[in-house]
Asker: 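One structure is given below, represented as C-alpha cells, and several questions about it will come after.
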Amino acid sequence: MKILFKNATIFPITEKPFKGDVLIQDGKIKQLGEQIKSSKGVDVIDLTGKYLLPGFIDAHSHIGLYPEGLGPTESEGNEMTDPVTAHLYALDAFYPDDCAIKKALSGGVTTAFVVMGSANPVGGQGFVAKFNGKTASQMCIVNPAGVKMAFGENPKRVYSEKKMLPNTRMGTAAVIRTFLLKSRDYMKKKELAKKENKEFTDTDPKYEVGEKLLKGELVARMHAHRADDILTAVRIAEEFNIKFVIEHCTEGYKVAEILAAKKIPVVAGPLLAFATKLELRDMTMEALKILTEKGVLTALMCDHPVIPLEYATVQAAAAMRYGMKEDDLLKMLTINPAKILGLSDRIGSIEPGKDADLVVWTGHPFDMKAIVEKVFIEGNLVYSR
C-alpha cells in the first residue's frame, strides 16, 4: 500500500522543517521532498495548511499498568513484596484496553517504554509498545527493553512500612549491589558448569536478568531524583560496568557537567507537576535548558499517569517559558527517546527507511489550539478525529 501526503509543513526532526510531500509504502517512509509526483495505485492525502510530524515517543511510562478509572489497589504497577523482582515483565500486567491509549494517540504519542513503578530497588523489565494493536503482544515491539531500578524515597517508604531492608539510601544501594554481586557469582557458576561439561541445574530467573545486565545485553533504567541519588546510581553502574539511563533526573541540572562528561543519557520529568515529596522540592523547568546546553542526551517523559500522555506537548511547550528552544524540545519527544531506547533506526524522525509513524496536526504541536487529526503507525490509520 502506498500513501502520498501532499503539501504539508513537514518536520523531519533531523532536518529543518519545509513544505512538501512524504511518500510511504508498505509501512515505511519511502521518500520525502518538495514535490513528489503521484502514480497509479497511490492514495493521495492533501495536507494543505496542516503539519506532519513523526509520532511522539515517551521513554518512561506506566500506561496500561495504571489503567484509567481504577484505584491504586487495582493497579498493576508495583509488586511490593520483595525488594528484588528483576524477573518480572511489565508486559504480563499490561492492560491493552486502557482508555488512556486512545487519548495518547489524540496527543500524537505513538510509542512508549512501559515500565513498572519504583517501589523496589530492582523492579523488573519494561517493554516498548506501539499503540497499534488490540493485545499486549501485538503492541509490543521490544521485550525486554530495560530493567527498572530505583533510588531515593520510594523504596525507603515501602519497605520501612514492612520493616524490611531497605529503610535508608544505604540500604537501597546495598540491595542493588548485592543483586549484581550475586548475579556475577551466578555467571561464574554457569561458566564453571559449562567448562566441566556439566548440566547447570540451578537456574534462577532473577540472576538470569542480572547476567544480561552485566553482559551489556540489557540497560538499567535508574529512577533517581536528587543529585546525590543520581551520583549513587552512576557510581554503582560504573562499579559493575553496566549500561544505564537516569530516569526523572529532577536535580540533574545540579550535576549536568558530570552527566555530560560521562555521556549519560537522561529521561527527564515530569516537570509540569506538583512536588509531592521532599526529593522534588528543587524541581524546575530550567533543568531541561541546563541539561541541553551542557550536551546531555535528554528525552522528556510524562511519567503517565502523573501527566497523561495526551498532554506531552503541553508539558514541552511550557518549557519554552524557561528558555528551551522549540527544535530541542521536539527532539526530546522524538529522536532523543528513540536513541535512548536503541530504536533510532526505526522511529523518531521522518526519514526514508524508517517506520511510517506519522501524525497530522492542524497546527504546530506547541500551539494549544492545534489538534491531532490523524495518526498513522507503520502506514496504517490508527486514529482519526
Asker: Do the side chain of Arg221 and the main chain of Ala59 share a donor and acceptor less than 3.5 angstrom apart?
Answerer: yes

Asker: I need the minimum non-hydrogen distance between Asp303 and Pro270, along with the two atoms involved.
Answerer: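 Asp303 and Pro270 have their closest heavy atoms at CB-CD, 3.5 Å.
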
Asker: What do you reckon, are the aromatic ring centroids of Phe5 and Phe376 less than 6.0 Å apart?
Answerer: yes

Asker: If you measure from the Lys or Arg side-chain nitrogens to the Asp or Glu carboxylate oxygens, is any gap between Asp43 and Lys2 under 4.0 Å?
Answerer: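 Result for this pair is no, no salt bridge flagged.
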
Asker: Let me confirm one number: the CD1-CD1 distance from Ile335 to Ile347, rounded to the nearest 0.5 Å.
Answerer: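 Here the interatomic distance stands at 8.5 Å.
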
Asker: Hydrophobic clustering (ILVMFWY, side-chain heavy atoms < 4.5 Å, transitive) - are Leu297 and Val266 grouped together?
Answerer: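 Result: no, two separate clusters.
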
Asker: Do Glu191 and Lys188 meet the salt-bridge criterion of a basic N to acidic O distance under 4.0 Å?
Answerer: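 No.
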
Asker: Under 3.5 Å, side chain of Thr298 to main-chain N/O of Val296, donor-acceptor pair present?
Answerer: yes

Asker: Using a 3.5 Å distance criterion without hydrogens, assess whether the side chain of His248 forms a donor-acceptor pair with backbone atoms of Thr250.
Answerer: no

Asker: Where the side chain of Glu326 meets the backbone of Met320, is there a donor-acceptor pair that is under 3.5 Å apart?
Answerer: no

Asker: I'd like to know if the side chain of Ser61 reaches the main chain of Asp58, judged simply by a donor and an acceptor atom lying under 3.5 Å from each other, with no hydrogens or angles considered.
Answerer: no

Asker: Under a 3.5 Å threshold, yes or no: a donor from one side chain and an acceptor from the other, between Thr85 and Asn120?
Answerer: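 Checked: Thr85/Asn120 side chains pair up, N/O donor to acceptor below 3.5 Å.
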
Asker: When you look at CD of Glu257, are more than 12 heavy atoms from neighbouring residues, nucleotides or ligands closer to it than 6.0 Å?
Answerer: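 Count not over threshold, so no.
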
Asker: Quick one: closest heavy-atom pair of Glu211 and Ser183, and the distance?
Answerer: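 Closest heavy-atom pair between Glu211 and Ser183: N-CB, 4.1 Å.
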
Asker: With no hydrogens and no angle check, just 3.5 Å: does a side-chain donor-acceptor pair link Tyr383 and Glu373?
Answerer: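 Note: Tyr383 and Glu373 side chains miss the donor-acceptor criterion.
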
Asker: Main chain of Lys354, side chain of Asp345: is a donor-acceptor contact present, judged purely on distance under 3.5 Å?
Answerer: no

Asker: Ignoring hydrogens and angles, state whether a donor on the side chain of Thr232 or Arg235 is under 3.5 Å from an acceptor on the partner side chain.
Answerer: yes

Asker: Got a donor-acceptor contact below 3.5 angstrom from the Asp204 side chain to the Lys206 backbone?
Answerer: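 Yes, the answer is positive, given that a donor and an acceptor are paired below the 3.5 Å cut-off.
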
Asker: Is the charged tip of Arg184 near the ring of Phe240: under 6.0 Å from the six-membered ring centre and within 45° of its axis?
Answerer: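 That pair does not qualify as a cation-pi contact.
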
Asker: Are Met222 and Val84 linked, directly or through other ILVMFWY residues, by side chains that come within less than 4.5 angstrom of each other?
Answerer: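 Met222 clusters together with Val84.
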
Asker: Below 30° counts as parallel, above 60° as perpendicular, anything between as tilted: where do the rings of Phe56 and Trp361 land?
Answerer: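 Answer is tilted, since the angle falls between 30° and 60°.
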
Asker: Is the distance between the ring centroids of Tyr89 and Phe94 less than 6.0 Å?
Answerer: no

Asker: Does this structure show an ion pair linking Glu208 with Lys190, if we count only N-O contacts that are shorter than 4.0 Å?
Answerer: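 Yes.
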
Asker: Determine, using the 4.5 Å side-chain heavy-atom cutoff (strictly less than), whether Ile45 and Ile350 are members of one ILVMFWY cluster.
Answerer: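 Ile45 clusters together with Ile350.
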
Asker: Go through it in stages, so that I can follow the logic: the residues are Asp228 and Arg226, the test is salt bridge (Lys or Arg N to Asp or Glu O under 4.0 Å), and I'd like the CA-CA distance, side-chain angles, deciding distance and then a yes or no.
Answerer: CA-CA 6 Å; Asp228 56 337; Arg226 245 169 49 178; 2.6 Å; yes

Asker: What are the two closest heavy atoms between Ala370 and Thr362, and how far apart are they?
Answerer: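 Minimum heavy-atom separation between Ala370 and Thr362: CA-OG1, 3.5 Å.
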
Asker: Please tell me whether Val22 and Val44 are part of a single hydrophobic cluster in this structure, the criterion being side-chain heavy atoms less than 4.5 Å apart.
Answerer: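 Val22 and Val44: separate clusters.
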
Asker: Indicate whether the side chain of Asn154 and that of Lys277 have a donor and an acceptor atom separated by less than 3.5 Å.
Answerer: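 Result is yes, a qualifying pair exists.
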
Asker: Is Lys243 paired with Glu217 through a side-chain N to carboxylate O contact shorter than 4.0 Å?
Answerer: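 Looking at Lys243 together with Glu217, the answer is no, because their closest N to O distance does not fall below 4.0 Å.
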
Asker: If we ignore hydrogens and angles and just use 3.5 Å, is the side chain of Asp98 paired with the main-chain N or O of Glu68 as donor and acceptor?
Answerer: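 Indeed, once roles are kept as given, a pair shorter than 3.5 Å links the two residues.
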
Asker: I'd like to know if Lys189 pairs up with Asp202 as an ion pair, taking the criterion as any Lys NZ or Arg NE/NH1/NH2 lying under 4.0 Å from an Asp or Glu carboxylate oxygen.
Answerer: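 The answer is no: the pair does not qualify as a salt bridge.
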
Asker: State, without any angle test, whether Thr9 and Lys19 hold a side-chain donor-acceptor pair at a distance under 3.5 Å.
Answerer: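 Lys19 and Thr9 do not have a side-chain donor-acceptor pair below 3.5 Å.
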
Asker: Would you mind reporting whether Leu47 and Val360 have side-chain heavy atoms less than 4.5 Å apart?
Answerer: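 They are in contact (side-chain heavy atoms under 4.5 Å apart), so the answer is yes.
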
Asker: Are the side chain of Gln315 and the backbone of Leu271 linked by a donor-acceptor contact shorter than 3.5 Å?
Answerer: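 It does hold such a pair.
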
Asker: So does Ile36 get a backbone contact from the side chain of Asp21, meaning a donor-acceptor N/O pair under 3.5 Å?
Answerer: yes

Asker: Which pair of non-hydrogen atoms, one from Val114 and one from Ala129, has the smallest distance, and what is that distance?
Answerer: CG2-CB, 4.3 Å

Asker: Provide the closest heavy-atom pair for Pro265 versus Val245 in the form atom of the first, atom of the second, distance.
Answerer: O-CG1, 3.6 Å

Asker: Testing the 3.5 Å rule here: is there a donor-acceptor pair between the side chains of Asp82 and Tyr159?
Answerer: no

Asker: Side chains of His223 and Glu247: is there a donor and an acceptor less than 3.5 Å apart?
Answerer: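 No pair is found: no donor N or O on one side chain lies under 3.5 Å from an acceptor on the other.
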
Asker: So if you build clusters from Ile, Leu, Val, Met, Phe, Trp, Tyr with side-chain heavy-atom gaps below 4.5 Å, do Leu278 and Phe274 land together?
Answerer: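 They do not share one cluster, since no chain of ILVMFWY contacts under 4.5 Å joins Leu278 to Phe274.
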
Asker: So, for Val255 and Ile230, which heavy atoms are closest and what is the spacing to 0.1 Å?
Answerer: CG2-CG2, 4.3 Å

Asker: Checking side-chain polar atoms at under 3.5 Å, does Thr201 have a donor or acceptor matched by the opposite partner on Glu199?
Answerer: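 There is no such pair between these side chains.
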
Asker: Can you confirm whether or not the ring centre of His62 sits under 6.0 Å from the ring centre of His304?
Answerer: no

